[in-house]
Amino acid sequence: MPDPDQTDTMARRDRRRATFLALTLALQTVACVFFIADAARDFPKIGTDLHTTFEALVAVALIVGTGFGALEMRRTLSRVQQAEEALSLASGAFDKVVRRRFAEWGLTPSEAEVALFALKGLEVAEIARLRGTAPGTVRAQLTQVYTKSGSANRAQFISLFIEELMAHSGLAPAA
Amino acid sequence: MTPPTGNAGRRGWDPLVRLTHWGIALAVLLNGLLLEEGKTFHVWVGYAAFGLLLLRLLWGLVGTGNARFSSFPPSLSAARAHLRDLLEWRHRDYPSHTPLGAWMAYTLWALLLVVALTGVAMENDPFPQNGGEEPAGWASYFSEHDEEEEDEHGEGRNGEHDDEEGLLGEVHETAANLILILAALHVAGVGVESRLSGVNLVRRMLPGTNRDA
């Protein structure tokens, strides 16, 4: 599994790079058009001499440079896309892990919803308000969730998922 | 849990699309409404816009994701279906341009090419000077440059030259006016699609925003 934090930083750097490349490319093509239009006027007047040959070479160099810039831009953007896909895959994978655990513990749909809210750090009162039930009901459902998942309290319950994440990231307490 | 953001449409347009879009939009407004034709600045802005247009068209061929022509092929049947959706106020997600939006983009590009090419045909010097003299400060760039300078190379066909310019000018102006009308329609279309989808589509074109709010 890719490291989400590092992937995100790289994607952000690549996005800045893409903006810079876009600016450079725009400048290059505009310069290209001006230069070629100007040089094209010299040919019928002067014909092929050192001056016009040099201008033609510069024109070719400008076009080739623009082409390479476009290719580099394309590479950068596909890297951003890959990084973003990896990220959404990672968050999607975590979502899947959570749902699988809930199913394994045999949570009812309302218990699963309460558990999800608890996992996101919501207070009992908030969960009750969101679900339109009494705080007592939420507390009872949470107790069921803890019992079924084999944890004593919310901290232990959450740590079940933290463990899952750390196992994948290769981050150990010793490191 | 937040849904995965894999859809290319949610990420917005890439920086090159945004840059060329606003650059050309600015040029159209400047040359269409503010700077009078024949003036040096009009010619400069036109050449710059031509460059940006060529870059965007190149990017349609070699670019990535939703910027590629292949991600929004012109299709009459898709456009008809999209029109039906609009009339029934129904929204559908498209990864790139909507089918009607694609037709708008291709039409605008074709008209921009016509305007650029007729413009270049009428003024093939990107740095027109006032009668060959050194320009007298920046103000002179806003004044009409001397057309007679052109004619020192085209003596003897003056009448023909004027006729040609007349027709080119006519095409240039008609296409430019069409662009202004279509641009207004384009803005209206974006407004309608934004209302329909509940997503501010302008954000996908603005600088610095990479995700829908």
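These numbers come from a predicted model, not from an experiment. Within every chain, numbering begins at 1; the chains are lettered A, B, ... in the order of the sequence lines, protein sequences first and strands thereafter.
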Just do the ring pair (Phe, Tyr, Trp, His ring centres under 6.0 Å) check on B:Trp103 and B:Tyr106 with the steps written out, would you?
CA-CA 5 Å; B:Trp103 279 105; B:Tyr106 287 120; 7.1 Å; no

Any idea which of A:Thr19, A:Thr66, A:Asp38, A:Leu71 has the most non-hydrogen atom pairs under 4.5 angstrom with chain B?
A:Asp38

With chain B, the option among A:Ala70, A:Cys32, A:Ser78 that has the most non-hydrogen atom pairs under 4.5 Å is A:Ala70

Quick one: sort the B:His97 and B:Trp109 rings into parallel, tilted or perpendicular, breaks at 30° and 60°.
perpendicular

Which word best sums up how the rings of A:Trp105 and A:Phe102 line up, parallel for under 30°, tilted for 30 to 60°, or perpendicular for over 60°?
tilted

Of the backbone (N, CA, C, O) and the side chain (C-beta and beyond), which part of A:Leu21 lies under 4.5 Å from a heavy atom of chain B, both, or neither?
neither

Answer yes or no: does atom CG of A:Leu50 have more than 12 heavy-atom neighbours from other residues, nucleotides or ligands under 6.0 Å?
no

Within the supplied structure, the quantity of interest is the number of heavy atoms (other residues, nucleotides, ligands) at a distance under 6.0 Å from A:Gln156 CD; does it exceed 12?
yes

Max heavy-atom pairs within cutoff under 4.5 Å with chain A, candidates B:Leu54, B:Val17, B:Val120, B:Leu52, goes to B:Leu52

Would you mind checking which part of B:Leu19 comes under 4.5 Å of any heavy atom in chain A, side chain (CB onward), backbone (N, CA, C, O), both or neither?
side chain

